[in-house]
Amino acid sequence: MKKIFSILLSFSLLFTIAACSRQESMTELESIQKQLAEMEGYTCTATLTRIGDKGEQTYETKQYYKSTGEYRLELLAPENVAGNYTVFDGERICQYNPKLDSSIIRDVPASQHRNELFLGQFIANYMQSEGVSVETAALDESRCIVLEAVIPGQDSALSSEKLWVDRESLLPVRFVIYDAEEKERYRMDYSSFAYDPQFDDTLFTIEE
């Protein structure tokens with residue numbers, strides 16, 4: 001009888017622990033969702049890896065992003081592309097190459113895929129996705145919540161995406177874009193990240 005009682009007690013404790021764990025995860029998830037939804041902008045440094053059929057290309061980048069859509073993406077390394085940057089002021093996009101001492105300015109149509117490397121677009125996709133999954137995963141010895149979203153459209157190269165967010169700091173750790181075959185196409189590993197910084201608006205100004 002004591003043995004049966006002991007077994008039942010063990011099961012009860014397991015269920016209690018599991019329930020507490022689920023409740024804790026949901027609280028963390030709600031905190032992460034609130035942080036992302038209320039984000040007005042961010043700045044970060046990150047290693048961007050582009051995976052193609054012929055191999056990988058890696059870039060060190062710095063990003064500036066405003067929730068109103070403006071962004072700036074700077075390439076810091078490798079040396080042959082260092083100093084290149086792209087700016088979108090909300091209407092036009094400018095691509096600058098310091099080696100040529102020139103820039104290309106052009107009007108661009110609304111394009112969701114143009115913004116896929118920025119978390120503002122991920123948040124929009126996540127909010128619109130049906131049946132999104134949430135899981136807990138270990139990454140670089142840190143416990144993370146993983147958010148998954150579907151990328152709308154017919155582009156098979158950009159099909160879905162996942163964002164790893166640190167459960168304690170609420171900071172993004174990794175962002176991956178997958179193709180229709182669930183292969184990684186772009187991976188962003190963040191080395192620093194700051195929510196809602198004070199921007200110098202000249203960062204998003206395109207000079208004629």
Worksheet item: side-chain contact (heavy atoms from CB on, under 4.5 Å) between I145 and Q33: does it pass, once the steps are laid out?
Response: CA-CA 11 Å; I145 295 290; Q33 289 175 329; over 6 Å; no
Worksheet item: Nearest 0.5 Å, what's the CZ-CG distance between R72 and D89?
Response: 12.0 Å
Discussion item. Ring-plane angle category for F199 and F204, please: parallel below 30°, perpendicular beyond 60°, tilted otherwise.
Written reply: perpendicular
Discussion item. Could you report the tightest heavy-atom contact between Y190 and R174, atom names first, then the distance?
Written reply: CD1-N, 3.9 Å
Worksheet item: Do V173 and V146 share a hydrophobic cluster, counting only Ile, Leu, Val, Met, Phe, Trp and Tyr and linking them when any side-chain heavy atoms are less than 4.5 Å apart?
Response: yes
Worksheet item: If you take all heavy atoms of I51 and T49, which pair is closest and at what distance?
Response: CD1-O, 3.8 Å
Fill in: Check: T61 and M188 side chains under 4.5 Å, non-hydrogen atoms
yes
Worksheet item: Same hydrophobic cluster for Y65 and L48, using side-chain heavy-atom links shorter than 4.5 Å among ILVMFWY?
Response: yes
Discussion item. Are the side chains of P152 and N125 in contact, using a 4.5 Å heavy-atom criterion?
Written reply: yes
Item to complete: Using a 4.5 Å cut-off on heavy atoms from C-beta on, say whether the side chain of V150 contacts that of Q128.
Response: no
Worksheet item: Counting distance only, does the side-chain N/O of D196 pair as donor-acceptor with the main-chain N or O of E40 below 3.5 Å?
Response: yes
Fill in: L117/Y186 under side-chain contact (heavy atoms from CB on, under 4.5 Å): CA gap, chis, key distance, verdict
CA-CA 8 Å; L117 293 177; Y186 296 91; 4.1 Å; yes
Worksheet item: If only atom types and distance count, is the side chain of D179 paired as donor or acceptor with the main-chain N or O of L158 below 3.5 Å?
Response: no
Item to complete: Test V87 against Y96 for side-chain contact (heavy atoms from CB on, under 4.5 Å), laying out the working first.
Response: CA-CA 9 Å; V87 175; Y96 179 74; over 6 Å; no
Worksheet item: Should L170 and L29 be regarded as members of a common hydrophobic cluster, given that ILVMFWY residues are connected when their side-chain heavy atoms come within less than 4.5 Å of each other, either directly or indirectly?
Response: yes
Worksheet item: Per the side-chain contact (heavy atoms from CB on, under 4.5 Å) rule, which among R187, E116, R50 passes with I177?
Response: E116
Worksheet item: How long is the span from the CD atom in E148 to the OH atom in Y178, to the nearest 0.5 Å?
Response: 7.5 Å
Practice prompt. Kindly compute the distance separating CG (L119) from CD (Q63), expressed to the nearest 0.5 Å.
Written response: 7.0 Å
Worksheet item: To the nearest 0.5 Å, how far apart are OH in Y59 and CG in L73?
Response: 11.0 Å
Worksheet item: L171, L36: one ILVMFWY side-chain cluster at the under-4.5 Å cut-off?
Response: yes
Fill in: Closest contact, heavy atoms only, A46 versus S191
N-OG, 4.1 Å
Practice prompt. For the residue pair N84 and P98, establish whether any side-chain heavy-atom pair is separated by less than 4.5 Å.
Written response: yes
Worksheet item: Can L76 be reached from F175 by stepping across I, L, V, M, F, W or Y side chains whose heavy atoms are under 4.5 Å apart?
Response: no
Practice prompt. Keeping the roles fixed (side chain from K62, backbone from T43), state whether a donor-acceptor pair exists under 3.5 Å.
Written response: no
Fill in: Parallel, tilted or perpendicular: ring planes of Y126 versus F122, cut at 30 and 60 degrees
parallel
Discussion item. Would you say T68 and E70 are linked by a side-chain donor-acceptor pair, where the criterion is simply a distance under 3.5 Å?
Written reply: yes
Worksheet, complete the sentence: Taking every heavy atom of K162 against every heavy atom of W164, the minimum-distance pair comes out as CB-CZ3, 3.6 Å
Fill in: Sequence-distant partners of E181, salt bridge (charged side-chain N to carboxylate O under 4.0 Å, His left out), two or more places apart
K183
Worksheet item: Does a side-chain heavy-atom distance below 4.5 Å link P172 with Y195?
Response: yes
Practice prompt. Mark yes when over 12 heavy atoms from residues, nucleotides or ligands other than E56 sit less than 6.0 Å from its CD; otherwise mark no.
Written response: yes
Item to complete: Please round to the nearest 0.5 Å and tell me the distance separating atom CD1 of I123 and atom CG of L147.
Response: 9.5 Å
Worksheet item: Measuring from Y64:OH to E74:CD, what's the distance to the nearest 0.5 Å?
Response: 4.5 Å
